[in-house]
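The block underneath contains the structure these notes are about, expressed in structure tokens.
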Amino acid sequence: MLEKDIQEVLFSEEALAKRVDEIAQEINRDYEGKEVMLISVLRGSFVFMADLCRRIDLPCTVDFMSVSSYGGGTSSTGQVQITKDLSSDIAGKDIIVIEDILDSGNTLSYLLKLLEQRKPNSIRLCTLLDKPDRRVKPVTVTYSGFTIPDAFVVGYGLDYDQKYRNLPYIGILKPEVYGG
């Protein structure tokens with residue numbers, strides 16, 4: 001039923017699994033002998049983080065934040081709101097923020113500055129998708145899955161109006177579905 005709304009599949013289930021494995025290997029190399037804390041930015045990154053976490057061969061903990069700058073629309077409003085904060089202290093820890101998509105950079109720029117104030121040992125960003133054509137604020141990405149065009153994508157945790165998260169691939173949503 002949901003597939004009828006997809007214009008094109010960008011990344012298959014197999015392509016996603018392969019890239020997640022590669023990112024996990026980079027993290028394993030970079031943090032060898034250390035413990036990392038993965039912070040998932042809800043809700044879109046939960047599938048990506050679950051898959052990535054299972055492929056990391058290091059001691060790691062997880063926590064979650066919910067941050068919004070979209071309201072109910074399809075583009076960032078620029079107004080960032082934390083709707084769920086971390087449950088644990090990050091001071092002195094090696095943090096990797098896990099995000100589904102880096103778009104305008106407004107939300108992640110704000111979030112990274114906020115987390116830096118909490119004095120972690122290190123903080124890096126891992127995003128599954130990078131959409132540089134829409135960037136308005138500079139954000140440094142350490143681990144990036146795929147660079148994508150300026151299109152509205154869903155699946156593998158990403159949604160439109162809370163739908164399509166359960167698709168096992170990432171696809172471009174037909175513009176007529178969201179009024180684009």
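Note: hydrogens, waters and symmetry copies are ignored here, and every other heavy atom, side chains too, is used. Here the structure is a predicted model, which means the values were calculated and not measured.
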Pick one: which of Tyr160, Tyr164, Tyr178 meets side chain to side chain donor-acceptor pair (under 3.5 Å) with Asp5?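 For Asp5, the side chain to side chain donor-acceptor pair (under 3.5 Å) check succeeds only for Tyr164.
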Ignoring hydrogens, what is the shortest heavy-atom contact between [X] and [Y]? Give both atom names and the distance.
X	Y	result
Asn121	Gly92	CB-O, 3.4 Å
Val62	Cys53	CG1-SG, 4.1 Å
Leu115	Leu86	CD2-CD1, 3.8 Å
Ile39	Met49	C-SD, 4.2 Å
Lys131	Pro149	CG-O, 3.7 Å
Lys84	Phe64	NZ-O, 3.2 Å

Can we call the ring centroids of Phe146 and Phe11 under 6.0 Å apart?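 Phe146 vs Phe11: aromatic centres under 6.0 Å.
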Please answer whether the main-chain N or O of [Y] pairs with a side-chain N or O of [X] as donor and acceptor at a distance below 3.5 Å.
X	Y	result
Lys93	Asp89	yes
Ser45	Ser40	no
Ser12	Ala15	yes
Asp159	Arg165	no

Below 4.5 Å, heavy atoms only, C-beta onward: do [X] and [Y] meet side chain to side chain?
X	Y	answer
Glu99	Leu108	yes
Ile6	Leu167	yes
Val41	Leu111	yes
Leu128	Leu16	yes
Thr127	Val97	no
Ile27	Arg29	no
Pro132	Thr147	yes

Reported [atom1]-to-[atom2] distance for the pair [X] and [Y], which is rounded to 0.5 angstrom:
X	Y	atom1	atom2	result
Glu116	Ile95	CD	CD1	11.5 Å
Leu102	Thr107	CG	OG1	9.5 Å
Tyr143	Ile23	OH	CD1	10.0 Å
Leu38	Ile56	CG	CD1	4.5 Å
Arg134	Asn106	CZ	CG	10.0 Å
Met37	Cys60	CE	SG	10.0 Å

side-chain contact (heavy atoms from CB on, under 4.5 Å), that's the test. Do Asp130 and Arg135 meet it? Break it down for me. CA-CA 9 Å; Asp130 188 358; Arg135 194 91 70 252; 2.3 Å; yes
Got more than 12 heavy atoms from elsewhere within 6.0 Å of [atom1], [X]?
X	atom1	result
Lys163	NZ	no
Lys174	NZ	yes
Glu32	CD	no

Taking the basic N atoms (NZ, or NE/NH1/NH2) and the acidic carboxylate oxygens, is any pair closer than 4.0 Å for [X] and [Y]?
X	Y	result
Asp85	Arg118	yes
Glu14	Lys18	no
Glu26	Arg19	yes
Asp94	Arg124	no

Taking it one step at a time, do Ile82 and Leu114 satisfy side-chain contact (heavy atoms from CB on, under 4.5 Å)? CA-CA 10 Å; Ile82 295 182; Leu114 175 74; 3.0 Å; yes
For Ile148 and Leu10: C-alpha separation, side-chain torsions, deciding distance, then whether side-chain contact (heavy atoms from CB on, under 4.5 Å) applies. CA-CA 9 Å; Ile148 63 168; Leu10 278 182; 4.3 Å; yes
Decide side chain to side chain donor-acceptor pair (under 3.5 Å) for Tyr156 and Asn166; before the verdict, give the C-alpha distance in whole Å, the side-chain angles of both, and the deciding distance to 0.1 Å. CA-CA 6 Å; Tyr156 197 69; Asn166 58 327; over 6 Å; no
Let me see the working for Val139 and Leu112 under side-chain contact (heavy atoms from CB on, under 4.5 Å), right down to the final yes or no. CA-CA 9 Å; Val139 176; Leu112 293 171; 3.9 Å; yes
As a quick check of understanding, evaluate side chain to side chain donor-acceptor pair (under 3.5 Å) for Gln25 and Arg55, giving each step before the final call. CA-CA 8 Å; Gln25 292 312 310; Arg55 289 171 173 85; over 6 Å; no
Ile101, Val136: one ILVMFWY side-chain cluster at the under-4.5 Å cut-off?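 Looking at the clustering, Val136 is in a separate group from Ile101.
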